[in-house]
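For reference, the structure is listed below as structure tokens.
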Amino acid sequence: MSGRAAKPPPAATLRRWEREQAQLKANVVEEDTEEWQKDSSFAGLERVGGVDLSYIKGDDTSACASLVVLSYPALEVLYEDCRMVAVSAPYVAGFLAFREVPFLVEAVQRLQQEEPKLKPQVLLVDGNGLLHPRGFGVACHLGVLTDLPCIGVAKNLLQVDGLVRNELHREQIRSLQREGDTFPLIGTSGRVLGMVLRSYNNSSKPLYISVGHRVCLETAVRLVKSCCRYRIPEPIRQADIRSREYIRTQLCSPLEVISSEPESRKEEAELDD
DNA sequence: GCGACAG
DNA sequence: ATCTTGTCGC
């Protein structure tokens, strides 16, 4: 139930991965394809999914992959799937999908088979979509493989196409005064790669939203906004909470789990700044 | 050589 | 991603 450290991937593997990204990228749709996406209040949208992987401290190969489905607009959990997985690929910036996506695809397929009526109409993904060195981040990757609308939600800026988190960038972030405020990320190429969003009044740290698949950037930002109770949009936040909790109960003996219950402390805190 | 590097 | 409690503030 444990594993060793992750080895750096050979250059040949990286080249193979790059080719695969280039091939799959041809299938990405950067526009709205669903009726509910065009509605000002997302009428017709009933289920939003969130995915995440949580890892064990010293173990690079054991993780918990989770997929949750929330009702919309109430944001109540309708479905939860947490499962320990054996991660084989190491983390390499720009190739996150090759580490995490296989387990997420499995989770989606499992849901499709066991609870087809709960299949999400859109997926919020930890990480980037088009905001990526080769324009094909994990949100695009998962979107193409599952043919589901996907939105990339990153907690940190991936410096790409001339984008840098310098003083100017920090100043732009400071200019986001209230939740809902945004500014676009425009690369040297002139393309709009994503949007920086202040998602929560109590946190000055923004989110980096980008198109994954079958959704346009404006719709993506609008939907993420409408899913935020705290800084992290609820579907991803629930997937994150549940996957780490799953790991915690896997790691500790039953007695320890009971005695270290987090009950009174965190739960509903998430106040940054 | 130096810095950058989603999760 | 993960290591980590209390604490200051609304």
Side-chain angles (χ1 to χ4, degrees), chain A residues 2-3 5-6 8-9 14 17 21 50-66 84-104 123-143 150-166 169 179 185 187 193-197 200-212 220 224 230 232-233 236-237 239-248 250-251 260-273:
Chain A
S2 60
L14 294 182
W17 283 352
Q21 288 178 328
V51 292
D52 185 48
L53 262 72
S54 290
Y55 296 85
I56 297 177
K57 40 191 173 184
D59 189 344
D60 283 324
T61 67
S62 296
C64 175
S66 73
M84 294 305 298
V85 296
V87 179
S88 55
Y91 169 71
V92 183
F95 300 96
L96 173 64
F98 293 92
R99 178 170 168 83
E100 301 195 337
V101 132
F103 310 107
L104 303 178
L123 232 38
L124 302 191
V125 184
D126 251 320
N128 296 300
L130 296 182
L131 181 52
H132 179 274
R134 288 164 297 282
F136 193 73
V138 62
C140 300
H141 205 130
L142 182 61
C150 282
I151 296 171
V153 181
K155 296 180 286 296
N156 295 94
L157 174 64
L158 182 54
Q159 302 192 157
V160 143
D161 190 22
L163 297 176
V164 288
R165 45 164 185 264
N166 50 19
H169 182 69
E179 65 181 38
L185 291 168
L193 300 175
M195 203 75 101
V196 184
L197 165 69
Y200 189 45
N201 276 335
N202 289 347
S203 177
S204 57
K205 187 167 183 176
L207 295 177
Y208 298 85
I209 312 299
S210 60
V211 168
V224 170
Y230 303 101
I232 307 299
I236 291 180
R237 180 166 169 271
D240 179 66
I241 290 175
R242 285 153 198 264
S243 60
R244 54 204 309 162
E245 177 66 7
Y246 189 89
I247 282 184
R248 196 175 66 81
Q250 285 273 303
L251 239 45
S260 63
E261 207 89 46
E263 52 191 298
S264 59
R265 12 180 156 119
K266 226 183 171 190
E267 285 309 329
E268 300 295 324
E270 187 149 342
L271 308 185
D272 303 81
D273 249 348

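A note on names: the letters A, B, ... follow the listed sequences, proteins ahead of strands, and every chain is numbered from 1.
Under the side chain to side chain contact (heavy atoms under 4.5 Å, CB included) rule, A:Leu193 has a single partner from A:Val211, A:Asn128, A:Leu131, which is A:Leu131.
Aromatic ring orientation, A:Tyr200 versus A:Tyr230: perpendicular (interplanar angle above 60°, classes split at 30° and 60°).
Within 4.0 Å (heavy atoms only), A:Phe98 reaches no atom of the nucleic acid at all. Nucleic acid contact class of A:Asn156 (heavy atoms, under 4.0 Å, all strands): sugar-phosphate only. Across all strands, A:Tyr55 comes closer than 4.0 Å only to sugar-phosphate atoms, never to a base (heavy-atom distances). Across all strands, A:Gly152 comes closer than 4.0 Å to no nucleic acid atom at all (heavy-atom distances). Within 4.0 Å of A:Val164, counting heavy atoms only, lies no atom of the nucleic acid at all.
A salt bridge links A:Glu245 with A:Arg248: at least one charged nitrogen is closer than 4.0 Å to a carboxylate oxygen. Salt bridge annotation for A:Lys155-A:Asp126: present, with a cationic side-chain nitrogen under 4.0 angstrom from a carboxylate oxygen.
Counting only Watson-Crick and G-U wobble pairs whose two key distances fall under 3.5 Å, DNA chain C forms no stem of three or more pairs.
Judged purely by atom type and a 3.5 angstrom limit, A:Ser210 uses its side chain to pair as donor or acceptor with the backbone of A:Gly129. With hydrogens and angles ignored, the 3.5 Å screen pairs no side-chain donor or acceptor of A:Gln21 with any backbone N or O of A:Phe95. Within the 3.5 Å criterion, the main-chain N or O of A:Gly94 finds a donor-acceptor partner in the side chain of A:Arg134. The backbone N or O of A:Ile236 sits nowhere less than 3.5 Å from a side-chain atom of A:Asp52 that would complete a donor-acceptor pair. In this structure, A:Ser66 contributes its side chain and A:Ala239 its backbone to a donor-acceptor pair below 3.5 Å.
In this structure, A:Ile241 places its CD1 atom 13 Å from P of C:dT2, rounding to the nearest Å. Atom CG of A:Asp59 is separated from atom P of C:dA1 by 17 Å (rounded to the nearest Å). Atoms CD1 (A:Ile247) and P (C:dA1) sit 12 Å apart, rounded to a whole Å.
For A:Lys57, no side-chain nitrogen or oxygen approaches OP1 or OP2 of C:dT4 to under 4.0 Å.
On the nucleic acid side, DNA chain B has its first and last nucleotide under 4.0 Å of a heavy atom of chain A at B:dA4 to B:dG7, going 5' to 3'.
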